[in-house]
Amino acid sequence: MGVPSILSTDFTVTGNVTSSGEVHLDGTVEGDIDARVLTVGDSALVRGNISAETVRVSGSVTGTIRAKEVILTRTARITGDIHHDILSMEAGARLEGMCRRLASLLETKDSEEAAGRLLLTQQETAA
């Protein structure tokens, strides 16, 4: 595993951030973040969607978080939905949005696709 990319408190990004490794953010990102592991520090602000294997949030996020594991510390402030396999939330963390397991999203998508195929088959049979 390599050295994490660190975006310090005086660092502001307007645009998307992509990394195949670990990112530690203490500054501001106005855009989407895609990383393997993301830590949103106490002073960090993200206005955009986050996609990662593991996300640990201590700062503020406005946008959707999609990750296998999401950890919200007591100082986390989230406005948006969280799609996860594992969700940990400390007392004091604030979340304004919906939490949904990734597995249930896949099941819903599979059942919607199956219903669509059934409807198509029924229409073909009727014709």
Side-chain angles (χ1 to χ4, degrees):
M1 191 190 272
V3 177
S5 299
I6 299 173
L7 306 175
S8 65
T9 55
D10 62 346
F11 197 83
T12 300
V13 175
T14 302
N16 298 335
V17 174
T18 303
S19 174
S20 59
E22 184 175 345
V23 176
H24 185 99
L25 173 66
D26 285 316
T28 301
V29 173
E30 301 258 357
D32 298 340
I33 301 174
D34 186 3
R36 190 177 56 73
V37 177
L38 175 66
T39 299
V40 179
D42 290 349
S43 62
L45 172 61
V46 176
R47 288 191 191 103
N49 299 322
I50 295 172
S51 178
E53 287 182 28
T54 303
V55 176
R56 179 181 180 86
V57 180
S58 297
S60 298
V61 175
T62 300
T64 298
I65 299 173
R66 183 177 301 268
K68 289 182 182 178
E69 181 176 12
V70 178
I71 302 157
L72 304 180
T73 69
R74 63 183 179 76
T75 57
R77 303 293 178 255
I78 311 295
T79 304
D81 297 339
I82 299 176
H83 303 282
H84 60 86
D85 277 336
I86 300 167
L87 175 63
S88 304
M89 192 169 171
E90 293 179 1
R94 281 198 245 162
L95 169 63
E96 294 182 29
M98 175 186 72
C99 297
R100 193 157 185 190
R101 288 183 49 101
L102 287 171
S104 66
L105 286 174
L106 294 174
E107 290 166 5
T108 300
K109 184 177 178 184
D110 288 345
S111 63
E112 288 173 356
E113 288 175 1
R117 286 192 301 272
L118 178 62
L119 179 61
L120 186 59
T121 303
Q122 290 172 343
Q123 290 173 345
E124 289 171 354
T125 304

Closer than 3.5 angstrom, by distance alone: can the side chain of E30 be matched with the main-chain N or O of T14 as a donor-acceptor pair?
no

Between T39 and G41 (side chain of the first, backbone of the second, donor and acceptor by atom type, cut-off under 3.5 Å), is there such a pair?
no

Which value, rounded to the nearest 0.5 Å, describes the distance between H24 atom NE2 and S5 atom OG?
11.5 Å

Would you mind checking if K68 and E53 are paired as a salt bridge, meaning a charged N to carboxylate O distance below 4.0 Å?
no

What are the two closest heavy atoms between S43 and T9, and how far apart are they?
OG-CG2, 3.2 Å

Closest non-hydrogen contact found for A67 with V55 is CB-CG2, 3.8 Å

For R101 versus D85, what's the shortest heavy-atom pair and its separation?
NH1-O, 3.0 Å

Ignoring hydrogens, what is the shortest heavy-atom contact between D81 and M98? Give both atom names and the distance.
OD1-N, 2.9 Å

Transitively linked via ILVMFWY side-chain contacts under 4.5 Å: F11 with I50?
yes

Can any side-chain N or O of D32 pair as donor or acceptor with the backbone N or O of N49 at less than 3.5 Å?
yes

Quick check on the hydrophobic clustering: are I65 and L45 connected, directly or via other members, by side-chain heavy-atom contacts under 4.5 Å?
no

Nearest heavy-atom contact between S58 and T73 is OG-OG1, 2.9 Å

Give the cluster check for L7 versus V61: same hydrophobic cluster or not, with ILVMFWY residues linked at side-chain heavy-atom distances below 4.5 Å.
yes

Restricting to non-hydrogen atoms, name the atom on R36 and the atom on S20 that form the minimum distance, rounded to 0.1 Å.
CB-O, 3.5 Å

Answer whether the closest heavy-atom distance between the side chains of I33 and V40 falls below 4.5 Å.
no

Joint cluster assignment, I6 & V13, ILVMFWY side-chain distance < 4.5 Å
no

Sequence neighbours left out, what passes side chain to side chain donor-acceptor pair (under 3.5 Å) with N16? Give chain and number order.
none

Please check if I86 and L38 belong to a single hydrophobic cluster, counting links between Ile, Leu, Val, Met, Phe, Trp and Tyr side chain heavy atoms closer than 4.5 Å.
no

